[in-house]
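I have placed the structure first, in the form of C-alpha coordinates, so that the comments after it can refer back to it.
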Amino acid sequence: MAFDQQALSQFKEKLLIMASHAESVVTRAVRAHLDRDEPLALQALETDEIIDQFEIQIDRIALNLLAQNPGELELRQITCGMKIAQDLERVGDEATTIASRSIELMTLPALDTPLDIAEMTFLVNAMLKDALDAFVIGNTILARGIIPRDKKVDNLNDTYQQQLVEIMETTPDTIRRCLHLSVITKCLERIGDHAKNIAEDAVLLHEGTDIRHSEPTTP
(Lines give C-alpha, C1' and ligand atoms only; values in the text may rest on other atoms or scores of the structure.)
Protein backbone atom coordinates (compact mmCIF):
# COMPACT_ATOMS: atom_id res chain seq x y z
CA MET A 1 0.00 0.00 0.00
CA ALA A 2 1.40 3.39 -1.01
CA PHE A 3 1.92 5.93 1.75
CA ASP A 4 -0.95 8.43 1.88
CA GLN A 5 0.70 11.82 1.38
CA GLN A 6 -2.71 13.51 1.23
CA ALA A 7 -3.54 12.23 4.71
CA LEU A 8 -0.15 13.49 5.93
CA SER A 9 -1.00 16.94 4.54
CA GLN A 10 -4.36 16.81 6.32
CA PHE A 11 -2.52 15.84 9.51
CA LYS A 12 -0.27 18.91 9.24
CA GLU A 13 -3.20 21.19 8.41
CA LYS A 14 -5.17 20.09 11.46
CA LEU A 15 -2.09 20.56 13.62
CA LEU A 16 -1.72 24.15 12.41
CA ILE A 17 -5.39 24.91 13.05
CA MET A 18 -5.08 23.41 16.52
CA ALA A 19 -2.02 25.60 17.12
CA SER A 20 -3.96 28.69 16.10
CA HIS A 21 -6.69 27.88 18.62
CA ALA A 22 -4.11 27.25 21.34
CA GLU A 23 -2.37 30.58 20.76
CA SER A 24 -5.64 32.51 20.75
CA VAL A 25 -7.10 30.86 23.84
CA VAL A 26 -4.11 31.89 25.94
CA THR A 27 -4.51 35.51 24.85
CA ARG A 28 -8.26 35.35 25.43
CA ALA A 29 -7.94 33.86 28.92
CA VAL A 30 -5.37 36.41 30.07
CA ARG A 31 -7.27 39.31 28.52
CA ALA A 32 -10.36 38.13 30.41
CA HIS A 33 -8.32 38.24 33.62
CA LEU A 34 -6.85 41.67 32.98
CA ASP A 35 -10.19 43.21 31.94
CA ARG A 36 -12.27 41.22 34.45
CA ASP A 37 -14.36 40.13 31.48
CA GLU A 38 -16.41 37.05 32.40
CA PRO A 39 -17.98 36.46 28.93
CA LEU A 40 -14.49 36.40 27.42
CA ALA A 41 -13.33 33.94 30.08
CA LEU A 42 -16.29 31.70 29.27
CA GLN A 43 -15.32 31.83 25.57
CA ALA A 44 -11.85 30.60 26.54
CA LEU A 45 -13.39 27.68 28.42
CA GLU A 46 -15.42 26.73 25.35
CA THR A 47 -12.34 26.83 23.10
CA ASP A 48 -10.63 24.16 25.18
CA GLU A 49 -13.21 21.60 23.99
CA ILE A 50 -12.36 22.49 20.37
CA ILE A 51 -8.66 21.94 21.07
CA ASP A 52 -9.39 18.57 22.69
CA GLN A 53 -11.33 17.45 19.62
CA PHE A 54 -8.46 18.43 17.32
CA GLU A 55 -6.07 16.31 19.37
CA ILE A 56 -8.38 13.31 19.00
CA GLN A 57 -8.64 13.82 15.22
CA ILE A 58 -4.88 14.28 14.87
CA ASP A 59 -4.15 11.11 16.84
CA ARG A 60 -6.61 9.15 14.71
CA ILE A 61 -4.98 10.29 11.47
CA ALA A 62 -1.50 9.66 12.90
CA LEU A 63 -2.31 6.08 13.88
CA ASN A 64 -3.60 5.38 10.38
CA LEU A 65 -0.42 6.85 8.89
CA LEU A 66 1.83 4.85 11.20
CA ALA A 67 0.16 1.67 9.98
CA GLN A 68 1.30 2.47 6.41
CA ASN A 69 5.01 1.79 7.00
CA PRO A 70 6.14 5.43 6.60
CA GLY A 71 9.69 6.37 5.64
CA GLU A 72 12.13 7.93 8.12
CA LEU A 73 11.16 11.54 7.39
CA GLU A 74 7.44 10.81 7.39
CA LEU A 75 7.83 8.88 10.65
CA ARG A 76 9.49 11.88 12.31
CA GLN A 77 6.76 14.18 10.99
CA ILE A 78 4.05 11.97 12.43
CA THR A 79 5.63 11.30 15.82
CA CYS A 80 6.75 14.89 16.34
CA GLY A 81 3.32 16.10 15.24
CA MET A 82 1.63 13.86 17.81
CA LYS A 83 3.91 15.18 20.54
CA ILE A 84 3.20 18.77 19.51
CA ALA A 85 -0.54 18.10 19.52
CA GLN A 86 -0.20 16.82 23.08
CA ASP A 87 1.67 19.96 24.11
CA LEU A 88 -0.96 22.15 22.43
CA GLU A 89 -3.72 20.30 24.28
CA ARG A 90 -1.93 21.02 27.55
CA VAL A 91 -1.56 24.67 26.58
CA GLY A 92 -5.34 24.69 26.21
CA ASP A 93 -5.68 23.12 29.65
CA GLU A 94 -3.46 25.80 31.20
CA ALA A 95 -5.47 28.54 29.49
CA THR A 96 -8.66 26.95 30.84
CA THR A 97 -7.24 27.10 34.35
CA ILE A 98 -6.33 30.76 33.85
CA ALA A 99 -9.88 31.50 32.67
CA SER A 100 -11.40 29.62 35.63
CA ARG A 101 -9.22 31.40 38.15
CA SER A 102 -10.01 34.71 36.48
CA ILE A 103 -13.73 34.12 36.96
CA GLU A 104 -13.06 33.39 40.63
CA LEU A 105 -11.08 36.62 40.96
CA MET A 106 -13.92 38.60 39.38
CA THR A 107 -16.07 37.78 42.41
CA LEU A 108 -13.49 39.42 44.69
CA PRO A 109 -12.23 43.02 44.97
CA ALA A 110 -9.45 43.89 42.53
CA LEU A 111 -5.96 43.52 44.02
CA ASP A 112 -3.11 45.88 43.17
CA THR A 113 0.14 43.89 42.80
CA PRO A 114 3.54 44.42 41.11
CA LEU A 115 2.88 41.43 38.82
CA ASP A 116 3.00 42.17 35.11
CA ILE A 117 0.82 39.35 33.78
CA ALA A 118 0.61 41.01 30.36
CA GLU A 119 4.41 40.96 30.00
CA MET A 120 4.61 37.31 31.01
CA THR A 121 1.85 36.45 28.54
CA PHE A 122 3.65 38.32 25.77
CA LEU A 123 6.82 36.32 26.45
CA VAL A 124 5.17 32.89 26.45
CA ASN A 125 2.95 33.63 23.45
CA ALA A 126 5.99 34.82 21.49
CA MET A 127 7.79 31.59 22.43
CA LEU A 128 4.80 29.54 21.34
CA LYS A 129 4.45 31.36 18.02
CA ASP A 130 8.18 31.10 17.24
CA ALA A 131 8.25 27.41 18.17
CA LEU A 132 5.37 26.66 15.82
CA ASP A 133 6.92 28.76 13.05
CA ALA A 134 10.20 26.90 13.51
CA PHE A 135 8.35 23.60 13.22
CA VAL A 136 6.54 24.64 10.04
CA ILE A 137 9.40 26.29 8.13
CA GLY A 138 12.25 24.17 9.50
CA ASN A 139 14.14 27.04 11.14
CA THR A 140 16.13 25.18 13.77
CA ILE A 141 18.15 28.28 14.68
CA LEU A 142 14.90 29.93 15.73
CA ALA A 143 13.89 26.76 17.57
CA ARG A 144 17.15 26.52 19.48
CA GLY A 145 16.89 30.18 20.47
CA ILE A 146 13.65 29.46 22.33
CA ILE A 147 15.34 27.24 24.93
CA PRO A 148 17.12 30.03 26.87
CA ARG A 149 14.01 32.23 26.63
CA ASP A 150 12.18 29.67 28.77
CA LYS A 151 14.63 30.37 31.59
CA LYS A 152 13.58 34.03 31.57
CA VAL A 153 9.95 33.00 32.00
CA ASP A 154 10.93 30.63 34.82
CA ASN A 155 12.79 33.43 36.61
CA LEU A 156 9.87 35.80 36.16
CA ASN A 157 7.51 33.23 37.66
CA ASP A 158 9.86 32.71 40.61
CA THR A 159 9.91 36.47 41.21
CA TYR A 160 6.12 36.72 41.04
CA GLN A 161 5.62 33.78 43.36
CA GLN A 162 7.90 35.37 45.95
CA GLN A 163 6.12 38.72 45.62
CA LEU A 164 2.78 37.02 46.20
CA VAL A 165 4.12 35.27 49.31
CA GLU A 166 5.27 38.62 50.67
CA ILE A 167 1.85 40.19 50.01
CA MET A 168 0.09 37.30 51.77
CA GLU A 169 2.43 37.57 54.75
CA THR A 170 1.87 41.30 55.18
CA THR A 171 -1.82 41.40 54.19
CA PRO A 172 -3.55 38.14 55.20
CA ASP A 173 -6.92 39.21 53.77
CA THR A 174 -5.40 38.97 50.27
CA ILE A 175 -4.49 35.28 50.59
CA ARG A 176 -7.36 33.94 48.50
CA ARG A 177 -6.73 36.40 45.67
CA CYS A 178 -2.97 35.85 45.80
CA LEU A 179 -3.42 32.10 45.55
CA HIS A 180 -5.49 32.53 42.38
CA LEU A 181 -2.81 34.81 40.94
CA SER A 182 -0.13 32.30 41.91
CA VAL A 183 -1.90 29.62 39.86
CA ILE A 184 -2.26 31.97 36.88
CA THR A 185 1.46 32.82 36.78
CA LYS A 186 2.36 29.14 37.18
CA CYS A 187 0.08 28.28 34.26
CA LEU A 188 1.88 30.83 32.10
CA GLU A 189 5.22 29.36 33.14
CA ARG A 190 4.00 25.91 32.09
CA ILE A 191 2.86 27.26 28.71
CA GLY A 192 6.46 28.42 28.24
CA ASP A 193 7.58 24.86 29.02
CA HIS A 194 5.26 23.50 26.33
CA ALA A 195 6.60 26.05 23.83
CA LYS A 196 10.11 24.84 24.63
CA ASN A 197 8.99 21.24 24.07
CA ILE A 198 7.62 22.18 20.64
CA ALA A 199 10.90 23.91 19.78
CA GLU A 200 12.82 20.77 20.73
CA ASP A 201 10.50 18.71 18.52
CA ALA A 202 11.13 21.12 15.65
CA VAL A 203 14.87 20.46 15.93
CA LEU A 204 14.28 16.71 16.15
CA LEU A 205 12.08 16.79 13.04
CA HIS A 206 14.33 18.90 10.84
CA GLU A 207 17.80 17.84 12.08
CA GLY A 208 17.10 14.38 13.47
CA THR A 209 18.80 15.55 16.68
CA ASP A 210 17.29 15.14 20.15
CA ILE A 211 18.31 18.25 22.14
CA ARG A 212 16.26 17.57 25.25
CA HIS A 213 18.28 18.12 28.45
CA SER A 214 21.33 19.16 26.40
CA GLU A 215 20.77 22.81 25.50
CA PRO A 216 22.31 25.64 27.58
CA THR A 217 19.89 27.33 29.99
CA THR A 218 21.33 30.82 29.55
CA PRO A 219 21.90 32.82 26.36
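Scope of the values below: all heavy atoms of this structure, side chains included, with no hydrogens, waters or symmetry mates.
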List in chain and number order the residues that pass side-chain hydrogen bond (donor to acceptor under 3.5 Å, both in side chains) with His21, two or more places apart in sequence or in another chain; answer none if no residue qualifies.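 Counting only residues at least two positions away or on another chain, His21 forms no side-chain hydrogen bond (donor to acceptor under 3.5 Å, both in side chains).
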Hey, are the side chains of [X] and [Y] touching, using non-hydrogen atoms and a 4.5 Å cut-off?
X      : Y      : result
Ile56  : Gln53  : yes
His33  : Thr121 : no
Phe135 : Leu205 : yes
Asp48  : Asp52  : yes
Leu132 : Leu15  : no
Asp133 : Asn139 : no
Asp193 : Asp154 : yes
Ile146 : Ile198 : no

Measure the [atom1]-[atom2] distance between [X] and [Y] for me, rounded to the nearest 0.5 Å.
X      : Y      : atom1 : atom2 : answer
Phe122 : Thr27  : CZ    : OG1   : 11.0 Å
Ile84  : Lys12  : CD1   : NZ    : 11.5 Å
Asp201 : Asp210 : CG    : CG    : 8.5 Å
Ile61  : Ser9   : CD1   : OG    : 10.5 Å
Met127 : Lys196 : CE    : NZ    : 8.0 Å
Lys129 : Glu23  : NZ    : CD    : 7.0 Å

Heavy-atom donor-acceptor pair, [X] side chain to [Y] backbone, under 3.5 Å:
X      : Y      : value
Ser182 : Cys178 : no
Thr47  : Gln43  : yes
Tyr160 : Lys186 : no
His194 : Leu88  : no
Gln68  : Asp4   : yes
Arg76  : His206 : no
Arg36  : Met106 : yes

ILVMFWY cluster, [X] and [Y] together (side-chain gap under 4.5 Å):
X      : Y      : answer
Leu164 : Leu34  : yes
Val165 : Ile184 : no
Ile175 : Leu105 : no
Ile191 : Leu115 : yes
Met120 : Leu111 : yes

Take atom NZ of Lys152 as the centre, draw a 6.0 Å sphere, and report whether it contains more than 12 heavy atoms from other residues, nucleotides or ligands.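 No, not enclosed.
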State whether the number of non-hydrogen atoms from other residues, nucleotides or ligands found under 6.0 Å of Glu13 atom CD is greater than 12.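 At most 12 heavy atoms, drawn from other residues, nucleotides or ligands, come within 6.0 Å of this atom.
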Which heavy atom of [X] sits nearest to which heavy atom of [Y], and what is that distance?
X      : Y      : answer
Pro114 : Gln163 : CG-OE1, 3.6 Å
Ser102 : Ala29  : OG-O, 4.0 Å
Ala62  : Ile78  : CB-CG2, 3.8 Å
Arg212 : Glu200 : CG-OE1, 3.2 Å
Phe3   : Leu8   : CE2-CD2, 3.9 Å
Ala44  : Val25  : O-CG2, 3.5 Å

Do you see a donor-acceptor pair shorter than 3.5 Å between the side chains of Gln161 and Asn157?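 Per modelled atom types, Gln161 and Asn157 side chains form a pair under 3.5 Å.
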Gln6 versus Gln10, side-chain donor and acceptor atoms under 3.5 Å: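 No, no side-chain donor-acceptor contact under 3.5 Å.
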Show, in sequence, the C-alpha distance, side-chain angles and deciding distance for Arg90 and Asn197, and conclude whether the side-chain contact (heavy atoms from CB on, under 4.5 Å) test is met. CA-CA 11 Å; Arg90 289 175 179 169; Asn197 292 344; 5.9 Å; no
Audit row: Leu188, Leu156, side-chain contact (heavy atoms from CB on, under 4.5 Å) steps and yes/no: CA-CA 10 Å; Leu188 289 170; Leu156 199 56; over 6 Å; no
Apply side-chain contact (heavy atoms from CB on, under 4.5 Å) to residues Lys14 and Arg60 and explain how you reach the verdict. CA-CA 12 Å; Lys14 284 188 178 293; Arg60 185 181 301 121; over 6 Å; no
For side-chain contact (heavy atoms from CB on, under 4.5 Å), just list the numbers for Met168 and Leu179, CA-CA rounded to whole Å, side-chain angles, deciding distance to a tenth of an Å, and then say yes or no. CA-CA 9 Å; Met168 287 187 283; Leu179 289 175; 4.1 Å; yes
Sorted by first residue and then second, give each side chain to side chain donor-acceptor pair (under 3.5 Å) pair with at least one member in residues 168-178; sequence neighbours left out.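 Qualifying pairs, neighbours excluded: none.
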